[in-house]
Protein chains: 2
Amino acid sequence: MTDASRPVTLSDVAKSAGVSLATASKAMNGREDVAESTRRRVLDAADRMDFTPNPAAQSLMANRSRTVGLLTSDLVGRFVMPVLMGAEDAFGAGRVDVFLCDARGDSVREQHHLRALVSRRVDGIIVVGSQTDSRPSLGQKIPVPVVYAYAPSDDPRDVSFTPDNRAAGRTAVEHLLALGKRRIAHISGERSYAAALDRAAGVQAALADAGVPLVGEPLFSEWSEQWGRDAMALLLQRHPDLDGVVAASDQLARGALETLRELGRDVPTDVAVTSFDNWEVLATQARPTISSIDFNLQDLGRAAARSIFDTLDGDPPAPGVRYFPTRLVIRGSSVARR
Amino acid sequence: MTDASRPVTLSDVAKSAGVSLATASKAMNGREDVAESTRRRVLDAADRMDFTPNPAAQSLMANRSRTVGLLTSDLVGRFVMPVLMGAEDAFGAGRVDVFLCDARGDSVREQHHLRALVSRRVDGIIVVGSQTDSRPSLGQKIPVPVVYAYAPSDDPRDVSFTPDNRAAGRTAVEHLLALGKRRIAHISGERSYAAALDRAAGVQAALADAGVPLVGEPLFSEWSEQWGRDAMALLLQRHPDLDGVVAASDQLARGALETLRELGRDVPTDVAVTSFDNWEVLATQARPTISSIDFNLQDLGRAAARSIFDTLDGDPPAPGVRYFPTRLVIRGSSVARR
DNA sequence: TATGGTCCCGAAAGGCCTTTCGACAGCACC
DNA sequence: GGTGCTGTCGAAAGGCCTTTCGGGACCATA
């Protein structure tokens with residue numbers, strides 16, 4: 001780490017190694033026409049002096065900033081952090097750095113950040129929504145590749161990565177069926193959310209395939225624990241014989257579990273429960289712990305980042321929405337604790 | 001927004017406005033010696049062509065990148081997101097952008113990111129820990145200002161901002177006392193955490209000041225809902241007459257509330273509860289909702305960012321740990337619901 | 001008309017790196 | 001000893017912006 005002095009420049013290194021600026025550059029960048037002994041001398045000098053090339057100068061040359069913008073409206077970081085980690089992985093930490101901008105759900109602020117990122121000459125932009133509903137496209141006139149993660153763009157010309165909520169719904173049901181449950185109900189959140197509808201569709205499709213009817217109708221209302229509690233109470237009253245519940249979020253599941261507990265139903269023996277999100281602070285602290293479907297957001301972030309790279313390398317992915325596989329994490333609510 | 005063509009350079013603008021490169025630059029930057037009519041012409045042209053200066057070239061000149069690094073180990077984003085927002089506010093969104101790097105609790109990765117940020121020539125670095133324990137300093141040899149947020153540095157020569165856990169503990173108790181509670185107990189997490197000790201110290205100090213004894217000893221164990229449940233059960237068994245509980249985190253409070261409910265104690269009438277973190281997904285979904293102490297992390301982030309600016313402007317803050325005021329958010333657990 | 005002063009403008013340098021291209025040394029071969 | 005090749009190196013330009021500084025136009029004054 002350099003101490004507070006002037007930052008070391010390549011010409012300092014060259015001088016110290018007794019070669020010309022050009023040779024030093026070639027030595028540093030592994031170009032061919034430099035003798036091995038010379039290269040060693042230069043690299044040693046660079047190392048000794050803690051030289052790192054000034055990225056501003058490099059950008060100026062290469063017309064690439066090795067920088068990516070992450071534009072989000074996810075205030076709590078629930079979705080954006082895993083995506084960020086995936087992106088870091090894809091780029092190889094340190095080779096590309098990520099500007100994180102939080103639009104706070106305000107489209108004016110979003111435009112503002114967008115302009116700033118473009119001015120910055122980022123090499124690409126990943127837009128991370130806070131729900132899986134499709135969101136307005138940023139348009140086609142942005143001079144760098146843009147990819148949408150979690151919330152897909154509403155313009156089919158854009159590239160989007162989003163969790164496969166339908167398949168996730170199937171998975172949840174199939175898991176319950178495999179446990180021998182046949183009286184399965186579905187508690188969901190706001191009907192206006194794509195996530196709610198897609199998960200419900202997956203649930204119903206899987207049940208239909210198995211020839212097992214859904215118990216009652218899917219119950220939509222809001223994404224809260226309170227609704228989870230109330231919905232569960234309602235279900236038990238109408239269908240005392242149910243033995244499985246798919247809750248559309250961990251919050252709903254927590255509420256449902258509370259009601260089940262209060263009404264004396266054992267989970268998972270009497271009623272098994274699965275849900276979505278795998279939000280650890282909720283799923284692993286409940287009684288029992290909650291089986292939940294994880295959206296592999298880190299993988300999703302990695303894929304999004306990679307697609308930006310591919311586009312830059314002239315190999316753009318086909319436009320459209322890519323539905324990303326999910327993964328069931330089994331916990332106490334759907335398997336007997338030992 | 002420029003379409004995919006070559007990015008517009010200042011000389012393009014100058015040509016279009018019929019002035020020299022230098023004049024265009026001066027017009028853009030509000031320098032004095034350019035006629036008002038000329039300036040207007042240049043600005044119009046720049047606007048029309050969607051010109052934004054290439055930051056690489058600017059950095060090269062100014063030796064400032066208008067870029068800050070946020071180095072964190074907070075995987076879930078619970079703390080880093082508010083700090084990021086505060087920093088964006090302090091810098092004025094768009095004028096300075098933030099590189100977010102996640103070290104994932106790995107000190108090797110942290111060093112790696114640190115080197116990358118320094119190579120990037122960021123103007124400053126904000127280090128965000130995931131707990132309020134002091135953390136190893138990054139050292140004094142970093143060529144840009146460094147400030148520690150949430151987790152203070154263990155080196156008193158560094159500048160740190162951390163929540164005032166002690167004062168927060170006092171606040172929690174004083175609130176309960178103001179409600180008329182006199183039999184107050186304290187449930188905490190891992191004793192090895194500074195947050196646990198500081199909050200407990202504040203709790204005890206406030207009680208001592210009021211001449212009210214703490215009920216039992218503070219109960220330390222782990223930061224989980226399960227411990228919250230167990231600790232509450234233990235307390236009620238030993239001290240059936242208690243009427244107030246300070247839980248050291250929202251997770252603990254949730255557990256405590258569950259036990260209280262199961263044992264038929266009304267909250268807040270029989271027993272009032274307060275806690276720390278104000279993690280909305282926990283605090284606002286519990287039965288009843290939880291009064292909790294918010295750490296004003298956004299303000300804290302703003303202060304941290306500003307201190308970097310001040311340092312750059314030659315006005316560095318005094319080194320040491322700054323304890324940041326907190327704020328009680330009152331909810332159902334400590335006030336009768338209407 | 002010459003002189004001095006004001007305004008504005010533009011040529012050029014500087015910041016740091018990469019790349020091209022030409023130069024030069026050394027060697028082998030005829 | 002000349003010719004041509006290979007292998008190594010360095011001068012210089014280019015990328016984009018800002019700043020310095022000198023010069024030109026214009027006006028007013030003597």
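Lettering follows sequence order; numbering is per chain, from 1. This is a predicted model, so every value here is computed, not measured.
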Subject >> B:Asp294 side chain vs B:Arg327 backbone, donor-acceptor pair below 3.5 Å >> reply: no
**OP:** Using a cut-off of strictly less than 4.0 Å, decide whether B:Arg31 has a side-chain nitrogen or oxygen near OP1 or OP2 of D:dT19.
**Re:** yes
Original post:
Just checking A:Ala35: base, sugar-phosphate only, or nothing, at a heavy-atom cut-off of under 4.0 Å?
Top reply: sugar-phosphate
Subject >> Length of the CZ-P vector between B:Arg120 and C:dC17, whole Å >> reply: 14 Å
Subject >> Length of the CG-P vector between A:Leu10 and C:dT19, whole Å >> reply: 12 Å
Original post:
Between B:Ala57 and B:Lys26, who's closer to the 5' end of DNA chain D by nearest nucleotide?
Top reply: B:Ala57
Original post:
Got a donor-acceptor contact below 3.5 angstrom from the A:Ser73 side chain to the A:Arg104 backbone?
Top reply: no
**OP:** Whole angstrom is fine here: how far is it from CD in A:Glu36 over to P in D:dG7?
**Re:** 14 Å
**OP:** Please work out if B:Ser59 contacts a base, only the sugar-phosphate, or nothing of the nucleic acid, heavy-atom cut-off 4.0 Å.
**Re:** nothing
Original post:
Looking only at side-chain N and O atoms, does B:Ser25 come under 4.0 Å of OP1 or OP2 in D:dT18?
Top reply: yes
Original post:
Within this structure, what is the CG-to-C1' distance between B:Leu60 and C:dC17, rounded to whole angstrom?
Top reply: 8 Å
Original post:
Between the main-chain N or O of B:Ser307 and the side-chain N or O of B:Thr311, is there a donor-acceptor pair closer than 3.5 Å?
Top reply: yes
**OP:** Please tell me which of B:Ala56 and B:Ser20 maps to the more 5' nucleotide of DNA chain C, matching each residue to the nucleotide holding its nearest heavy atom.
**Re:** B:Ser20
**OP:** Using a cut-off of strictly less than 4.0 Å, decide whether B:Thr23 has a side-chain nitrogen or oxygen near OP1 or OP2 of C:dC8.
**Re:** no
Subject >> Over all atoms of both residues, closest heavy-atom pair of A:Leu138 and A:Glu110 >> reply: CD2-OE2, 3.5 Å
Original post:
To the nearest angstrom, how far is A:Lys15 atom NZ from D:dA11 atom C1'?
Top reply: 15 Å
Original post:
Any side-chain N or O of A:Asn63 under 4.0 Å from OP1/OP2 of D:dG15?
Top reply: no
Subject >> Residue whose closest nucleotide on DNA chain C lies nearer the 5' end, B:Arg121 versus B:Arg39 >> reply: B:Arg39
Original post:
Between atom CG in A:Asp12 and atom P in C:dC17, what is the gap in whole Å?
Top reply: 8 Å
Original post:
How many angstroms lie between atom OG1 of A:Thr9 and atom CG of A:Leu21, to the nearest 0.5 angstrom?
Top reply: 7.5 Å
**OP:** Rounded off to whole Å, could you give me the CZ-to-P distance for the B:Arg41 and C:dC8 pair?
**Re:** 13 Å
**OP:** Could you check whether B:Thr9 gets within reach of a base, just the sugar-phosphate, or nothing at all, counting any heavy atom under 4.0 Å?
**Re:** sugar-phosphate
Original post:
Starting at CG of A:Leu21 and ending at P of C:dG15, how long is that distance when rounded to a whole Å?
Top reply: 13 Å
Original post:
For C:dC9, does OP1 or OP2 lie under 4.0 Å from any side-chain N or O of B:Thr38?
Top reply: yes
Original post:
Closer than 4.0 Å, any side-chain N/O of A:Gln58 to the OP1 or OP2 of C:dC16?
Top reply: no
Original post:
For the side chain of B:Met61, counting heavy atoms from C-beta on, which of D:dG10, C:dG14, C:dG10 is nearest?
Top reply: C:dG14
**OP:** Answer yes or no: does atom OH of A:Tyr323 have more than 12 heavy-atom neighbours from other residues, nucleotides or ligands under 6.0 Å?
**Re:** no
